[in-house]
Number of protein chains: 2
Amino acid sequence: MTAGEASGRGPRERMVFSAAQLLRRGGVGATGMRDVVEHARAPRGSLQHYFPGGKEQLVNEAVQWAGRYAARRVARFVAALPEPTPSGLFAAMVHQWTDELATAGETSGCPVAAAVVDRAGACESTRKATATAFATWTGPVAEALADMGVPPARAEALATLMISAVEGALLIARAEGDVRALTTVVRELGPLLDGAVVRD
Amino acid sequence: MTAGEASGRGPRERMVFSAAQLLRRGGVGATGMRDVVEHARAPRGSLQHYFPGGKEQLVNEAVQWAGRYAARRVARFVAALPEPTPSGLFAAMVHQWTDELATAGETSGCPVAAAVVDRAGACESTRKATATAFATWTGPVAEALADMGVPPARAEALATLMISAVEGALLIARAEGDVRALTTVVRELGPLLDGAVVRD
DNA sequence: GGCCGTCTATGACGGCTGTCATAGTAGCGG
DNA sequence: CCGCTACTATGACAGCCGTCATAGACGGCC
């Protein structure tokens, strides 16, 4: 979700991308439509053209985009891992955020989490969008675990645990302005994850 | 954080309580000052009297209150546990939310998480308030683990892991409208927690 | 009674928000 | 050149927000 991710694309995709970006730092309330347009360097008039459903639609698409993005990341991690282990995958997933906090000194959060916090109770369509986003994120993780030798039944559960831990630790890390919680979670959860692998 | 928690108290404490309550469901943006006053059945004029620092102060106090509340809960769990084990404590912590979702069919989230998502990047004082809230929550948990036989060095780390897992699973549960993530996390993390106990 | 500190009441203000109405331009097939 | 579709431009609107100014009520204490 770094910069340059959406250059060359059409204005529509740039707006979705920018919305996700802005959601990460201030939540739904602090993310104005005008801000999105400006951040995406898109024409303002295009808003009502591409997103007749208004802010709700834009937020929903941003959330779904984030889900697909996370899934893509996982796939890339798995492909790049020298010798794939569950703890290695988990470390790679977390590393993305520790890096960001280390370089920028301040983290943005997860756009899906922001949508849940701000809209889950008020807007059913957005709630569903966040649910599918988590699902499209959990899927590849569970699949990767299964490929590493984790029994399929447990792979799904462990994937949920991994994502829960990441999201929670990210909250704490943002609060503390420090990567401590993220690194702690990686260290403590690693052995458990690797222990679920069944040698064959 | 159930109803009746703040009856009989002065209007000031009622407003802090109500703020925390409202933060849980819609985040900071959706929580208006007028809403807080109405929810607390407090006089509107008292706002600028008790909270001259405005919304920022009110949110900060609500967050700190939530931290103390969570710590109190943990202490009560520990006292009530028949035979104290780390997994038992963790299950009790999570049970509070599964209960709420089961009865109400819809969960509110954690006010501290809401404050982080909506204000961590914009308001330094609120960010610090969330950090101390997490700290006052983690403290009793780590202490309880140490009392159960977990080496103090690991107790702190495991407490962070537990709270991370709860917060993350709560996000997923709200998104899915289902307790699945919460129960999964309890089941998968339990053995790891109990395994950290050093018999003497 | 007069004063004062604590608390409450109420209306107004400026600013920002999402949304919409209306009009305009660009490009293309005919 | 016409007409059509896709896209953009811009200003206005109603509504809500947090904040503040001002003034009133209550109660104790000299």
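Values below: every heavy atom of this structure, side chains too, minus hydrogens, waters and symmetry copies. Chain letters run A, B, ... following the sequence lines, proteins first, then strands; residues in each count from 1.
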Margin query: Between C1' on D:dA6 and CZ on A:R12, what's the gap in Å once rounded to a whole number?
Written below: 14 Å
Check: residues 110-124 of chain B side-chain donor-acceptor pairs under 3.5 Å, at least two apart:
unit_1	atom_1	unit_2	atom_2	d
B:D118	OD2	B:V28	N	2.7
B:E124	OE1	B:R127	NH1	3.2
B:E124	OE2	B:R127	NH1	2.4

Check: With sequence neighbours left out, what residues match B:T132 under side-chain contact (heavy atoms from CB on, under 4.5 Å)?
Finding: B:Q64
Check: Listed by chain and number, what are the side-chain contact (heavy atoms from CB on, under 4.5 Å) partners of B:A30, not counting sequence neighbours?
Finding: none
Note to self: In this structure, how many angstroms lie between the P atom of D:dG11 and the CZ atom of A:R34, rounded?
What the structure shows: 12 Å
Next item on the list: May I ask you to list the residues of residues 36-49 of chain A, by number, that have any heavy atom positioned under 4.0 Å from an atom of DNA chain C?
Entry: A:R44, A:Q48
Notebook entry, point to check: What residue pairs, at least two apart or across chains, pass side chain to side chain donor-acceptor pair (under 3.5 Å) with a residue in residues 30-49 of chain B?
Noted result: B:S18-B:H39
Margin query: Taking side-chain contact (heavy atoms from CB on, under 4.5 Å) as the definition, give me every residue that meets it alongside B:D178, ordered by chain and number, with sequence neighbours left out.
Written below: B:E176, B:R180
Notebook entry, point to check: Can you name the residues that form a side-chain contact (heavy atoms from CB on, under 4.5 Å) with B:E156, not counting sequence neighbours?
Noted result: B:T138, B:A142
Notebook entry, point to check: Can you check side-chain hydrogen bond (donor to acceptor under 3.5 Å, both in side chains) on B:Q57 and B:E61, steps first, answer last?
Noted result: CA-CA 6 Å; B:Q57 180 185 356; B:E61 296 204 21; 3.1 Å; yes
Item checked: Whole-Å gap separating P (D:dC20) and CD (B:E56) -> 12 Å
Check: Under a criterion of less than 4.0 angstrom to any heavy atom of chain B, what are the 5'-terminal and 3'-terminal contacting nucleotides of DNA chain C?
Finding: C:dT6 to C:dA12
Checklist line | Set of residues satisfying side chain to side chain donor-acceptor pair (under 3.5 Å) with respect to A:E188, sequence neighbours excluded | finding: B:R154
